[in-house]
Peer 1: 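The structure is given below, and queries will be raised subsequently.
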2 protein chains.
Amino acid sequence: MKKRAYKEPISRLLSIIHRQNQKNIAKLLQPYGIGGGHHYIFLINVLKKPGINQDQLTCELKFDKATTARSIKQLEELGYVDRKIDPGDRRSYQLHPTEKALQFDPTLRSLLEQANRKLTRGLTEEEEVELIMLLQKVNQASIQEEV
Amino acid sequence: MKKRAYKEPISRLLSIIHRQNQKNIAKLLQPYGIGGGHHYIFLINVLKKPGINQDQLTCELKFDKATTARSIKQLEELGYVDRKIDPGDRRSYQLHPTEKALQFDPTLRSLLEQANRKLTRGLTEEEEVELIMLLQKVNQASIQEEV
DNA sequence: CCAAATTAGTTGCGTACGCAACTGGTTTGC
DNA sequence: GCAAACCAGTTGCGTACGCAACTAATTTGG
């Protein structure tokens, strides 16, 4: 009989690593006004999928819709995101990156890569790929489960 | 030349998975008064290392010391943790689990295992072990870095 | 042996974010 | 064709948590 593995610590590790990483990212992005919280995730997604609406962001990133609303509001005030009422459904907004956001995109990517390098500094290239794969699997499974 | 892997998403995955997991745990622990936030992590550590002080908890779990103070205060008010002034250094407190905490321990472990199973439902046993190993490596590296 | 520096813990403040209740537009079903 | 159900987004509220400034105890160095 195999020794029973003590498996509790995943959530603890996730928590520790996530908080550390958030602090790193916050420090890097602070000069651009999107330091605290997860604003950068919303911005990245608007850059990736221009025209997306808040509800789609909420579902995809698994935030609360109130959080999405407030984050987008900030990004709009900071001049990174443009909101137009969707003519096909006047309840929702089409979100587009502004010129400022498009110009910021390469910098943003490079800063996030920098944070990522810090995060994965203890891993080999193969281990990093493996980790991404495993995390994606975990995430996939949590989406299935909702059905 | 290998195709350049796009590596940004680790932090996004971490964020999504961590928040989902926190919500799950919060729901499971709510009946016991330690639903929100990371109180359970502090309680687990006091159970594991009776006599530990707040500073050691802060370092180990990489929270801010203010967060530790407030979390321990709640755990004390809820009757899970007992604080005695360390006779050897009257600035610090020795933290001990109460009888209530000791009795709650098995339940707590089983609830956390339940949350963990939900988290890793999409992984095989081997993948789960691999994931833990990789996360530990990431965490180790971030400790090194502080030097 | 005492003033200065350090350390454990607390408190004030600002921001983040989830839940619940709400507004106003859209779809459904009778 | 209109009331009911539903949906995108907002706002109020409560809790969490990091940073900075603070208190009180301890250590250090002259």
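Chain naming here is simple, since letters A, B, ... match the order of the sequence lines and numbering starts at 1 in each. Because the structure is predicted, anything quoted here is derived from the model rather than measured.
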Peer 1: For DNA chain D, find the residues of residues 85-92 of chain A with a heavy-atom distance under 4.0 Å and give them by number; none if there aren't any.
Peer 2: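 Listed by number, they are Arg91(A), Ser92(A).
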
Peer 1: Need two values: the first and the last nucleotide of DNA chain C, 5' to 3', having an atom under 4.0 Å from any heavy-atom of chain B.
Peer 2: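 Taking any atom under 4.0 Å from a heavy atom of chain B, the span is dT7(C) to dC19(C).
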
Peer 1: Using atom CG of Asn53(B) as one end and atom P of dA25(D) as the other, report the distance to the nearest whole Å.
Peer 2: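 Taking atom P of dA25(D) as the reference, CG of Asn53(B) is at 17 Å.
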
Peer 1: If you look at every strand shown and take non-hydrogen atoms under 4.0 Å, does Arg19(A) touch a base, only sugar-phosphate, or nothing?
Peer 2: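 The answer is sugar-phosphate, as Arg19(A) gets under 4.0 Å only of primed atoms, P, OP1 or OP2.
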
Peer 1: Scan Gln74(A) against the nucleic acid and name what it touches under 4.0 Å (heavy atoms): base, sugar-phosphate only, or nothing.
Peer 2: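 Contact class for Gln74(A): sugar-phosphate only.
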
Peer 1: Tell me the ring-ring contact (aromatic ring centres under 6.0 Å, His included) pairs involving residues 112-132 of chain A, sequence neighbours left out?
Peer 2: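 For residues 112-132 of chain A: none.
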
Peer 1: Donor-acceptor pairs under 3.5 angstrom involving side-chain atoms of residues 70-77 of chain A: please list them, not counting sequence neighbours.
Peer 2:
from     : atom 1 : to       : atom 2 : distance (Å)
Ser71(A) : OG     : His39(A) : ND1    : 2.6
Glu76(A) : OE1    : Arg83(A) : NE     : 3.4

Peer 1: Can you list every salt bridge (charged side-chain N to carboxylate O under 4.0 Å, His left out) pair that touches residues 92-108 of chain B, not counting sequence neighbours?
Peer 2: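 Counting only pairs at least two positions apart or across chains, the salt bridge (charged side-chain N to carboxylate O under 4.0 Å, His left out) contacts touching residues 92-108 of chain B are Asp105(B)-Arg109(B).
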
Peer 1: Taking for each residue the nucleotide of DNA chain C with the nearest heavy atom, is it Arg70(B) or Asp55(B) whose nucleotide lies nearer the 5' end?
Peer 2: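 Its nearest nucleotide being more 5', the pick is Asp55(B).
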
Peer 1: Quick one: list whatever passes side-chain hydrogen bond (donor to acceptor under 3.5 Å, both in side chains) with Glu60(A), sequence neighbours left out.
Peer 2: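 If we apply the side-chain hydrogen bond (donor to acceptor under 3.5 Å, both in side chains) test to Glu60(A), skipping adjacent residues, the hits are Asn45(A), Lys49(A).
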
Peer 1: Verify, without hydrogens or angle tests, whether Ser15(A) (side chain) and Ser11(A) (backbone) share a donor-acceptor contact under 3.5 angstrom.
Peer 2: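 Such a contact is absent between Ser15(A) side chain and Ser11(A) backbone.
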
Peer 1: State which residues pass side-chain hydrogen bond (donor to acceptor under 3.5 Å, both in side chains) with Asn21(B); sequence neighbours excluded, sorted by chain then number.
Peer 2: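 Testing Asn21(B) for side-chain hydrogen bond (donor to acceptor under 3.5 Å, both in side chains), a comparison that skips the adjacent residues, returns none.
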
Peer 1: dT10(D) C1' sits how many Å from Phe63(A) CZ, rounded?
Peer 2: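 These atoms are roughly 18 Å apart.
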
Peer 1: For Arg90(A) and Ile85(A), indicate whether the former's side chain and the latter's backbone hold a donor-acceptor pair under 3.5 Å.
Peer 2: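 It does not hold such a pair.
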
Peer 1: Can you list the residues that meet the side-chain hydrogen bond (donor to acceptor under 3.5 Å, both in side chains) rule with Ser92(A), with sequence neighbours excluded?
Peer 2: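 Not a single residue meets the side-chain hydrogen bond (donor to acceptor under 3.5 Å, both in side chains) criterion with Ser92(A).
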
Peer 1: Relative to the 5' end of DNA chain D, which residue comes earlier, Lys23(A) or Thr58(A), by the nucleotide with the nearest heavy atom?
Peer 2: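 Nearest-nucleotide comparison on DNA chain D picks Thr58(A).
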
Peer 1: Note down the inter-axis angle between the two ends of the helix from dC1(C)-dG30(D) to dC30(C)-dG1(D), five pairs each, to the nearest 10°.
Peer 2: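 Roughly 10°, once rounded to the nearest ten degrees.
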
Peer 1: Listed by chain and number, what are the side chain to side chain contact (heavy atoms under 4.5 Å, CB included) partners of Ala101(A), not counting sequence neighbours?
Peer 2: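 Scan of Ala101(A) (side chain to side chain contact (heavy atoms under 4.5 Å, CB included), adjacent residues dropped) gives Leu43(A), Leu47(A), Tyr80(A), Pro97(A), Thr98(A).
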
Peer 1: For Asp89(B), which residues count as a side-chain hydrogen bond (donor to acceptor under 3.5 Å, both in side chains) partner, sequence neighbours excluded?
Peer 2: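 For Asp89(B), the residues satisfying side-chain hydrogen bond (donor to acceptor under 3.5 Å, both in side chains) (neighbours in sequence not counted) are Arg91(B).
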
Peer 1: With sequence neighbours excluded, give me every ring-ring contact (aromatic ring centres under 6.0 Å, His included) pair touching residues 109-129 of chain A.
Peer 2: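 The answer is none; no pair qualifies.
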
